[in-house]
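First the proteins, then the strands, lettered A, B, ... as listed; each starts at 1.
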There are 2 protein chains.
Amino acid sequence: MIRGKVRFHCKSCDYHFTQEHTEKASPQKQVHTTIKDIAQIMGVSIATVSRALNNKADISPKTRDAIQKLALELDYNPNLFAKGFQRGETKTIGVVIPNIKRPFFAGVLSGIQEVANEHGYRVMICQSNESYETEVTNIQGLLASHVDGLLISHSKETTRFNQIKNLFEKGLPMVHFDRICSEVETPKIRQEDFEGAFQLVEHLIQQGYQRIAILAGPPELLISQKRKEGYISALEKHDLPIKPEYMVHGDFSKEFALASVDAWQQLPEPPDAIFAIHYLNAVEIIQYAKELGIEIPQKLGIVGFGDEYLAEIVEPALTVFHLFPQKVGEVAAALLFDVISNKEARQQKDVLVQGQLIIRKSSLKKG
Amino acid sequence: MIRGKVRFHCKSCDYHFTQEHTEKASPQKQVHTTIKDIAQIMGVSIATVSRALNNKADISPKTRDAIQKLALELDYNPNLFAKGFQRGETKTIGVVIPNIKRPFFAGVLSGIQEVANEHGYRVMICQSNESYETEVTNIQGLLASHVDGLLISHSKETTRFNQIKNLFEKGLPMVHFDRICSEVETPKIRQEDFEGAFQLVEHLIQQGYQRIAILAGPPELLISQKRKEGYISALEKHDLPIKPEYMVHGDFSKEFALASVDAWQQLPEPPDAIFAIHYLNAVEIIQYAKELGIEIPQKLGIVGFGDEYLAEIVEPALTVFHLFPQKVGEVAAALLFDVISNKEARQQKDVLVQGQLIIRKSSLKKG
DNA sequence: TAAGTCTTCGTAAACGTTACCGATAGGTGA
DNA sequence: TCACCTATCGGTAACGTTTACGAAGACTTA
C-alpha cells in the first residue's frame with residue numbers, strides 16, 4: 001500500500017489484498033527523505049525515481065533532471081542500508097584490534113579509513129582489549145552487521161582460531177595484520193619483524209655492545225617469535241653467544257620490564273644492551289636506568305620497535321625500528337578490497353610492509 | 001517466491017502473480033544463515049522461527065527449543081541490518097572527529113566504544129582531518145547509513161553549521177564534545193577549559209612568574225577562547241597586566257610554536273612563562289628552549305593542556321591540566337543514548353567533565 | 001496504413017525481519 | 001452436541017531500494 005492506494009491488486013478478478021488504511025497523520029518531522037516521497041511529489045513511480053537518481057538508461061532527460069533537482073532540494077540521500085540490503089552487501093568493513101589508544105593501532109586505523117573512504121566503504125571498529133572473549137563477541141557483532149569484510153589483529157590472549165577459520169571457509173573476505181594468525185590461510189600483512197630485529201641487534205653489535213638482552217612479549221605472539229628470531233640470527237652471524245638468561249618473555253607491562261632490568265643487574269655478567277621489542281618498555285627502561293644511575297648509552301645501550309613521538313623526546317632519544325602503521329593500515333585495507341572485488345582469486349597473498357631503522361643516541365656507544 | 005513456491009496467490013480467483021522460476025542452484029557457500037533457512041529445515045513458517053528466536057509468546061516450548069537448538073547448530077545470527085531496517089533503527093551511532101591518531105581523540109573513542117557496547121550499539125567512525133569539506137561529506141555518509149545518533153567534534157576549519165543545524169531540527173539525536181558548536185542547541189560535553197587555564201596560570205603566578213604568555217589555537221575554536229578567558233581571568237585576579245604581545249593565536253603547528261618563542265624572545269621584556277594550550281606545543285617549546293639554552297623552569301616556566309605519557313617523559317616533565325579523554329567519550333555516549341531513548345525531553349543538557357591539575361617540574365620555579 | 005522499433009515509464013519481486021491478523025485444532029463448559 | 005476459548009502456528013504487509021519485465025505511446029519504414 002502506498003499512501004492510501006492498494007498495493008497488490010489482482011487484475012483478473014479485481015481483488016484487493018490490503019484493506020483500507022486510515023491515514024493517521026504523524027506530525028513528527030522525518031529525518032530522511034525516500035524515493036517514495038520524491039515519486040509522490042513528482043507524480044511518477046519509484047522505479048523512475050530510482051533510475052533518475054542512478055543515471056540509468058530508459059529515462060528521458062527532462063524527467064531525470066527534474067527528479068534530480070527535486071532530490072537535491074529535499075536533500076535526499078539514499079538509504080545505504082536498504083540499498084545494501086537489497087544488493088546483499090553493506091559497503092561496510094569491520095576492524096578488530098586490541099586497543100585504539102595505542103598509537104600503532106591508531107595509525108593503522110587512520111590508514112584503513114583513508115583507503116576505505118576512497119573505495120566508498122565505511123568502517124566499523126571494535127577493540128578486544130586483549131580479551132579473547134571480547135574478540136569473539138566483537139566478530140560476532142560485526143558479522144551480524146553483515147560487514148563485507150574483516151580486518152583483524154588478534155588479542156594477545158587469542159590462541160584458538162576456529163571462529164575465524166569457520167568464517168574464512170564460508171568465504172568471508174578477511175585480512176590479518178600485525179597480530180597474525182598462521183593457522184588460517186588468510187592474506188596477511190607482514191611487517192619486517194625479523195628484519196627489523198636483526199638490524200637493531202646488528203647495529204648494537206657494530207657499536208661494540210657484546211652482551212645483548214631481549215625483552216620480548218608473550219611467547220604466543222608471532223611478533224614476539226619473529227623479533228626473537230631476528231635477534232638470535234644477528235647474534236649468530238656475529239658469533240656472539242646466545243644466553244637463555246638474556247632472553248625474557250613478558251607481557252609488555254611496565255612492572256615486568258623494570259623487574260627484568262633488576263634481574264639482569266643481579267647477574268654475574270649483566271647485559272650491556274637491551275632490545276625491548278615494545279617501544280614503551282624501551283622508554284620505561286631508559287627512565288629507570290637513569291634513576292639507577294646507569295649511563296646510557298655508555299654503560300647500557302637501548303633499542304626498541306615502533307617510532308612514536310615519545311622515542312624522539314625521551315633522553316637520550318631512542319633508537320628504533322619504525323613500522324609505518326598508517327602504511328600497514330592502507331595496505332591491509334587495499335588487500336581486503338582486492339579480495340572483496342574478486343573472490344575467485346582468493347589464494348593466499350602476503351604483503352610485506354617495509355620498516356626503517358632510525359638511529360638515535362640511546363645506542364650510540366661510539367658516539 | 002520462496003524457493004519454488006509462488007509468493008502472492010489470490011485466493012478468490014486462484015491467480016498466481018509470479019511465473020515459475022527455474023531454480024538455478026548456486027553452489028556458492030553462503031556466509032549467513034537466515035530464518036528462512038531454518039524455517040525450511042524445520043518445516044515451519046518464518047514467523048514461527050522469528051517468534052522462537054525472540055522468545056516471544058504464542059509458541060510451544062517444544063518448538064521453541066528445537067528451533068533454538070537448530071539455530072545454534074547453524075550458528076545463525078540475525079541480520080541486524082534487516083532487523084534495523086524493519087524497525088527503522090540501525091543500532092549504530094556515528095562519530096566525527098578531526099583525527100584518530102591524536103591521543104585525546106583515541107581516548108574519547110575508547111570511552112565511546114565501551115558505553116556503546118554496553119547499550120548494544122555499534123560505532124562508525126569518521127575523521128575529518130581538520131577539513132570542513134571532509135566533515136560535511138562524512139556526516140552525509142553517516143546519515144546515508146542511517147545512524148541512530150551522532151557524536152561530533154568539529155574540525156578547526158568548521159565555521160558554518162547549517163548542515164548539523166538542519167539535522168538537529170529534523171530530530172536527529174546528536175551530542176557535541178570538545179570542539180563544540182554553540183550555534184546549535186545540542187547537548188554538549190563541556191570540559192574545564194576555563195577552569196583548567198585559570199588553575200594553570202594561577203599556579204604559575206604562585207610560583208613567582210610575572211610575565212606569562214599564552215600560545216592559543218585558532219581563534220574560532222571555542223577551546224581557544226575559553227582557555228584564553230581563563231588565562232586572562234587569572235591574570236586579572238592577581239592584578240597582573242594583560243599584554244596583547246603575550247597573547248598569540250596559532251594553528252597548533254610546531255613551526256608556529258617555535259616562531260612564537262623566537263618572537264617573544266625579541267621583546268624588550270620577554271615572558272618568563274608560557275602557557276601552551278596544546279600539550280604538543282608545550283613539549284616542542286621545552287625541547288626548543290633547551291636548544292636555545294634557556295633554563296627550565298628557572299628562566300622559563302611552561303605549562304599545557306592534556307596529559308599524555310609524553311608530558312611525563314619530557315625533561316623537565318610538563319605541568320598540565322589533564323582532561324580525561326576516556327571519560328569525555330563515556331559521558332558523551334551516555335548522553336547520546338539518553339537522547340535517543342527519550343526524544344521528547346530533548347532540552348539542552350550540558351555535562352561538565354572535570355579535569356585535574358598535575359604539577360611537574362616544568363613550572364616549579366620555587367622547586 | 002500496417003507493422004515494426006525505440007523511448008519512456010510503471011508493476012512488482014526480492015533482500016531478512018517483525019508484527020498483526022487469521023486459521024486451525026484441541027479442550028472446556030453448558 | 002454445540003458454542004466458545006486457548007494455544008499454537010501460518011500468511012503476509014512493511015521497511016527502501018534495485019531491476020527484470022511488460023506496456024503504452026511515439027516514431028520510422030515499407
Side-chain angles (χ1 to χ4, degrees), chain A residues 1-3 5-11 16-19 21 30-40 42-64 66-67 76-91 144-146, chain B residues 1-3 5-11 16-21 30 32-40 42-64 66-67 76-91 144-146:
Chain A
M1 193 201 58
I2 304 168
R3 319 262 153 164
K5 294 182 196 167
V6 280
R7 184 181 165 97
F8 295 109
H9 177 204
C10 172
K11 277 168 197 146
H16 290 182
F17 276 84
T18 56
Q19 60 276 56
H21 184 83
Q30 59 180 358
V31 179
H32 301 282
T33 314
T34 71
I35 55 171
K36 207 184 288 182
D37 298 327
I38 299 180
Q40 203 188 13
M42 291 285 297
V44 297
S45 75
I46 57 168
T48 305
V49 177
S50 175
R51 276 189 292 258
L53 296 176
N54 293 1
N55 279 316
K56 289 286 172 92
D58 277 15
I59 190 161
S60 75
K62 206 180 68 180
T63 318
R64 171 164 42 78
I67 290 175
Y76 163 84
N77 43 18
N79 186 341
L80 293 186
F81 228 5
K83 189 183 289 196
F85 182 38
Q86 206 271 134
R87 303 182 50 181
E89 59 179 28
T90 59
K91 290 284 178 186
S145 303
H146 277 217
Chain B
M1 193 201 56
I2 306 168
R3 322 256 157 169
K5 294 183 197 166
V6 278
R7 183 180 165 98
F8 294 108
H9 176 206
C10 173
K11 278 170 194 145
H16 289 182
F17 276 84
T18 55
Q19 62 278 55
E20 299 308 310
H21 184 83
Q30 58 180 358
H32 301 283
T33 314
T34 72
I35 55 171
K36 208 184 288 181
D37 298 327
I38 298 180
Q40 204 188 13
M42 292 285 297
V44 297
S45 75
I46 56 169
T48 305
V49 177
S50 176
R51 275 189 294 257
L53 296 176
N54 292 3
N55 279 316
K56 290 286 173 91
D58 275 15
I59 190 162
S60 74
K62 206 179 69 178
T63 317
R64 172 164 40 79
I67 291 176
Y76 164 84
N77 42 17
N79 186 341
L80 293 185
F81 227 5
K83 188 183 290 194
F85 181 38
Q86 207 270 137
R87 303 182 48 180
E89 60 179 27
T90 59
K91 290 283 179 186
S145 304
H146 277 217

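Side-chain proximity of B:Ala82 to C:dT17, D:dT18, D:dC9: nearest is C:dT17. If you check D:dT17, C:dT8, C:dG10 against the side chain of A:Tyr76, the one that comes closest is D:dT17.
Close to D:dC9, at under 4.0 Å from its OP1 or OP2, lies a side-chain N or O of B:Thr63. Dashed line: the shortest gap from a side-chain N or O of A:Ser45 to OP1 or OP2 of C:dG10 is under 4.0 Å. Close to C:dG10, at under 4.0 Å from its OP1 or OP2, lies a side-chain N or O of A:Thr48. Between A:Ser50 and the phosphate of D:dT18, there is a side-chain N or O to OP1/OP2 separation shorter than 4.0 Å. Under 4.0 angstrom from either OP1 or OP2 of C:dC15 there lies no side-chain N or O belonging to A:Lys83.
In terms of heavy-atom proximity, A:Ile59 sits nearest to A:Ala52 at CD1-CB, 3.6 Å. Across all non-hydrogen atoms, the minimal contact from A:Leu80 to B:Ser145 is CD1-OG, 4.1 Å. Scanning both residues, A:Arg64 and A:Asn55, for their nearest heavy atoms gives CD-OD1, 3.5 Å. B:Arg51 and B:Ala57 get closest at one heavy-atom pair: CD-O, 3.6 Å.
Separating the CD1 atom of B:Ile35 from the P atom of D:dC9 is a distance of 15 Å, rounded to the nearest angstrom. Here D:dG11 presents its P atom at 13 Å from CD of B:Gln40, a figure rounded to the nearest Å. Between A:Gln86 atom CD and C:dT17 atom C1' there is a gap of 16 Å when expressed in whole angstrom units. Note: CZ (A:Phe85) to P (C:dA13) measures 16 Å, nearest angstrom. For A:Glu89 and D:dT18, the CD to C1' distance is 12 Å, given to the nearest whole Å. One atom, NZ of A:Lys36, and another, P of D:dG16, lie 5 Å apart when rounded to the nearest Å. At whole-Å resolution of the value, NZ in A:Lys56 and C1' in C:dT7 are 17 Å apart. Protein atom NE2 of B:His146 is 8 Å distant from nucleotide atom P of D:dG16, rounded to whole Å.
In this structure, B:Asn79 reaches the sugar-phosphate backbone alone: every heavy-atom distance under 4.0 Å involves primed, P, OP1 or OP2 atoms, never a base. No engagement by B:Arg87 is indicated, since no non-hydrogen atom pair under 4.0 Å with the nucleic acid exists. Residue contacts for B:Ser60: at a heavy-atom cut-off of 4.0 Å it reaches the sugar-phosphate backbone alone, with no base atom in range.
In terms of position on DNA chain D, the residue among A:Asp58 and A:Asn54 whose nearest nucleotide sits closer to the 5' end is A:Asn54. When each of A:Pro61 and A:Ala47 is assigned the nucleotide of DNA chain C bearing its nearest heavy atom, the one mapping closer to the 5' terminus is A:Pro61.
In this structure, OG1 on A:Thr33 lies 11.5 Å from CG on A:Asn79, to the nearest 0.5 angstrom.
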